[in-house]
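Some notes on the structure that comes next.
In this chain, numbering begins with 1 at the start of the sequence shown. First listed ligand is number 1; within each ligand, the first listed atom is number 1. For clarity, every value in this text was computed on a predicted model and none was experimentally measured.
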Amino acid sequence: MRKMWISSRQVAGNKLPLKALDPATEEVIGEFAWGGLKEADEAVIAAKEAFTSWRRTPASERAAMLHEVARKMRANLDELAVELTLETGRSIRKNRGYVEWSAQCFDYYAELGRHYRGRLIPSPESSQLSIILKVPIGVVAAIVPWNYPLLLLTWKLAPALAAGNTVVIKPATNTSWVTLGLAQYFEHFPPGVINILTGSGGEVGDYLVTHPDVRMIAFTGSTEVGQHIMRQAANDMKHIHLELGGKDPLIVCADADLNAAAHAAIWGGFLNAGQVCTSIERVYVEEEAYSELLDSIVQLTRNLVIGPGMNPESEVTPMIRPGEREKVDDQVRMASASGANILTGGRVPPNLQKGFFYEPTVLSEVREDMLVMQEETFGPVLPVVSVKNFAEAMSRSNSSKYGLGATLFTSDARKVKYYMETIEAGNVWVNDPLIDNLAGPFGGMKRSGIGRELGMEGLEEFLETKHVHWEIEGGKKNWWYPWE
Ligand code: NAP
Ligand code: MG
């Protein structure tokens, strides 16, 4: 059984261990301890005590410890990728990439943390210095979802530590086993700097959010829980960083490379069985290109290999749990009942009754008022819509309450300029969806969140700002009438 990892010592939870499940086989892959409020308190106290010295640890020493995490992850890349695949269902090939990418993120913030402490600005008094000093915030609660348990944790943990904060990690229930296994990569840190606390979101998650000694909540998850956290954090005016849901649109113009656009649509729509916050969930196509693009999308979708993540050939892997699959199927059924066509998919694959698989699904004849066009689906479903022109595609794209990611396929530079300036999304892709670059910011607008991860912005999130006014030459003699 995996125990909780608090303050560099393992503790058993106060309840019976929970079972970790493989979504591809429905088999139990391990057990882990389940924490409650007592463990949550221990974790926060450990993090608070560790903060006193961690905030004063030279940045170069902190950097060396972050690089060491990257080194250990790379040394263990295959084993970690297998564990990630077992608990999330994701493709093993993808998970190897995610481990390497997480290691790169630790390396990146190790160096960025050594290069930034604020700035000096001209003071109105020649005898004074004006110093903009950046300091760590304190204890950070990092609350993460199950879809990318390592990567999304890393995007918080690496910058938070580099900035001098201490962290209590609260993984999703569905991916607690693999997260507790990460303790081995953090053993070289001083006790209390990193703590992994399992337990239910509604209980320990809520407790962390309202705990007076937790100064910041860095959260990735659903918009609903994000809104709840924001309300809860208001009492103590905590720092919040929220990465939430999305309903990302793809616009395909008739002047685009339609073959590339079709491949992009199925990649962006069905990667990780559509369980990506920046999955493509709506496709708007200019009417001249509609039937050609739709035919290619349907053909490509039918050829996708559905199977377990441990098979390197699998392209569409299982969903996380039957409940999530049902939610997706409900949206498809409701759309179909109100007139949408299911061109392919829309069911559990007949040859894969074990495991939580769902066939990649393409819908046509959808209307904007259907749930599948309004709410996040978080599953392998692509509604493809014909629009008169680029202007209509833009206004439909921006009509969503979400604003996480958005993609445009075109060869017209004027459309690209207009698009990048007016599309309401934090992550904008032109002719290549979902690519990432950890040296630049990632995040959402509107109900998709507040704040940015990665890049310089991702470090700033974990820093508090002070403006220091320092009189060096002895000060004024008369503050009431300084001009005399
Ligand atoms: P979720 O239900 O919101 O859960 C996310 C995390 O919050 C889990 O660790 C959960 O713990 C915890 N939690 C639940 N209730 C809580 C509460 N009252 N107080 C504090 N913490 C609480 O999301 P999910 O179902 O795991 O993940 C899917 C969602 O994440 C989707 O909406 C997706 O779009 C979003 N997401 C966004 C991004 C992004 O970068 N914008 C990236 C990935 C995913 P339990 O597991 O124990 O409930
Ligand atoms: Mg949930």
Side-chain angles (χ1 to χ4, degrees), residues 13 15 18 20-21 32 34-37 40 87-88 90 98 141-156 168-179 196-211 214 217-233 238 240-248 271-281 319-321 323-325 327-328 375-379 400-406 425-427 434 436 438 441-454 458 461:
K15 297 174 187 168
L18 288 205
L21 216 60
F32 57 92
W34 192 236
L37 302 188
E87 200 171 25
T88 62
R90 293 292 162 276
Y98 299 144
I143 304 180
V144 270
W146 45 261
N147 63 335
Y148 288 89
L150 173 63
L151 201 63
L152 296 176
L153 169 62
T154 299
W155 292 7
K156 299 172 183 15
V168 177
I169 299 163
K170 160 42 199 133
T173 301
N174 289 335
T175 44
S176 291
W177 177 78
V178 70
T179 311
I196 308 175
L197 167 77
T198 60
S200 109
E203 190 185 18
V204 304
D206 232 32
Y207 188 71
L208 289 176
V209 172
T210 49
H211 198 297
V214 173
I217 322 296
F219 172 81
T220 301
S222 60
T223 294
E224 226 176 15
V225 175
Q227 288 167 325
H228 174 71
I229 287 176
M230 191 166 175
R231 284 187 205 105
Q232 298 279 88
K238 293 185 188 196
I240 48 166
H241 175 101
L242 304 173
E243 294 285 353
L244 311 176
K247 190 77 201 164
D248 290 8
L271 170 71
N272 291 346
Q275 299 169 113
V276 184
C277 51
T278 49
S279 284
I280 294 173
E281 297 211 349
M319 299 197 58
I320 191 78
R321 289 289 180 271
E324 271 69 11
R325 181 172 61 182
K327 206 193 98 192
V328 169
E375 292 300 332
E376 185 177 46
T377 305
F378 221 60
S400 172
K401 61 191 174 195
Y402 295 107
L404 189 55
N427 311 300
L434 269 65
D436 269 300
L438 61 81
F442 176 95
M445 298 178 175
K446 294 153 87 177
R447 290 198 200 177
S448 293
I450 294 179
R452 292 292 181 272
E453 297 192 295
L454 298 178
E461 292 282 338

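Put simply, the side chain of Glu281 gets close to the backbone of Phe378: a donor and an acceptor are under 3.5 Å apart. Side-chain N or O atoms of Glu87 include one that pairs as donor or acceptor with a backbone N or O of Val178 at under 3.5 Å. Put simply, the side chain of Lys238 gets close to the backbone of Val209: a donor and an acceptor are under 3.5 Å apart. The main-chain N or O of Asp206 is found under 3.5 Å from a side-chain atom of Thr210 such that the two form a donor-acceptor pair. With hydrogens and angles ignored, the 3.5 Å screen pairs no side-chain donor or acceptor of Thr377 with any backbone N or O of Gly379.
When each atom of ligand 1 is checked for a heavy atom of Val144 under 4.0 Å away, the hits are 6 (C), 8 (C), 9 (O). Taking every non-hydrogen atom of Leu152 and a distance limit under 4.0 Å, the qualifying atoms of ligand 1 come out as 42 (C), 43 (C). Near Gly199, the atoms of ligand 1 lying under 4.0 angstrom from a non-hydrogen atom of the residue are 47 (O). Listed by number with element, the atoms of ligand 1 under 4.0 Å from a non-hydrogen atom of Pro145 are 26 (O), 27 (O), 44 (C). Per-residue contacts place Gly205 under 4.0 angstrom from the following atoms of ligand 1 (heavy atoms of the residue considered): 19 (N), 20 (C), 21 (N). Each of the atoms 43 (C), 44 (C) of ligand 1 lies under 4.0 Å from some heavy atom of Asn147. Remark: ligand 1 atoms within the under-4.0 Å shell around heavy atoms of Phe442 are 40 (O). The atoms of ligand 1 that sit less than 4.0 Å from any heavy atom of His228 are 18 (N).
With respect to Glu461 and Arg452, no salt bridge is recorded, no charged nitrogen being found less than 4.0 Å from a carboxylate O.
Residue Phe219 places a heavy atom under 4.0 Å from ligand 1. For the ligand labelled ligand 1, residue Gly226 lies outside the 4.0 Å heavy-atom shell. Residue contacts with ligand 1: Gly444 is excluded, as none of its non-hydrogen atoms falls under 4.0 Å. Residue contacts with ligand 1 do not include Ser176, since none of its heavy atoms lies under 4.0 Å from the ligand.
When Trp155, Trp146, Trp34 are ranked by how near their heavy atoms come to atom 24 (P) of ligand 1, first place goes to Trp146. Among Thr220, Asn427, Leu244, the residue whose heavy atom lies nearest to atom 5 (C) of ligand 1 is Thr220. Checking Gly201, Pro149, Ser200 against atom 19 (N) of ligand 1, the nearest heavy atom belongs to Gly201.
Looking at Gln232 against ligand 1, nothing comes within 4.0 Å, counting heavy atoms. Contacts between Thr278 and ligand 1 below 4.0 angstrom, taking non-hydrogen atoms only, are absent altogether. Contacts between Ile143 and ligand 1, counted as non-hydrogen atom pairs separated by less than 4.0 Å, involve the side chain only. The proximity of Thr173 to ligand 1, defined as any non-hydrogen pair under 4.0 Å, involves the side chain as well as the backbone. By the criterion of a heavy-atom distance under 4.0 Å, both the backbone and the side chain of Cys277 are placed next to ligand 1. Counting heavy atoms closer than 4.0 Å to ligand 1, residue Leu404 contributes side-chain atoms (C-beta onward) but none from N, CA, C or O.
With a 4.5 Å cut-off on side-chain heavy atoms, Thr198 and Pro171 count as touching.
Residues passing the side chain to side chain donor-acceptor pair (under 3.5 Å) test with Glu375 are Lys401, sequence neighbours excluded. Taking the side chain to side chain donor-acceptor pair (under 3.5 Å) definition, one finds that Tyr148 meets it with Tyr98, Asn272, sequence neighbours left out.
For Lys170 against Thr173, the heavy-atom pair with the smallest separation is NZ-N, 4.1 Å. The shortest heavy-atom contact between Lys156 and Ile143 is CE-O, 4.0 Å. Nearest heavy atom pair, residue Gly246 against residue Ser448, reads CA-OG, 4.0 Å.
Residue Met445 qualifies as enclosed at atom CE: its count of foreign heavy atoms under 6.0 Å is above 12. No more than 12 heavy atoms of other residues, nucleotides or ligands lie within 6.0 Å of CD in Glu224, so this atom counts as exposed by the packing criterion.
Of the polar atoms of Lys170, at least one N or O is found under 3.5 Å from an N or O of ligand 1, judged by distance alone. For ligand 1, the polar-atom distance check against Asp206 finds a nitrogen or oxygen pair separated by under 3.5 Å. Of the N or O atoms in Ser222, one or more lie within a sub-3.5 Å distance of an N or O in ligand 1. Considering backbone and side-chain N/O atoms, Thr223 never comes within less than 3.5 Å of an N/O atom of ligand 1.
For the side-chain contact (heavy atoms from CB on, under 4.5 Å) with Leu244, the lone residue among Ile450, Ile229, Thr223 that qualifies is Thr223.
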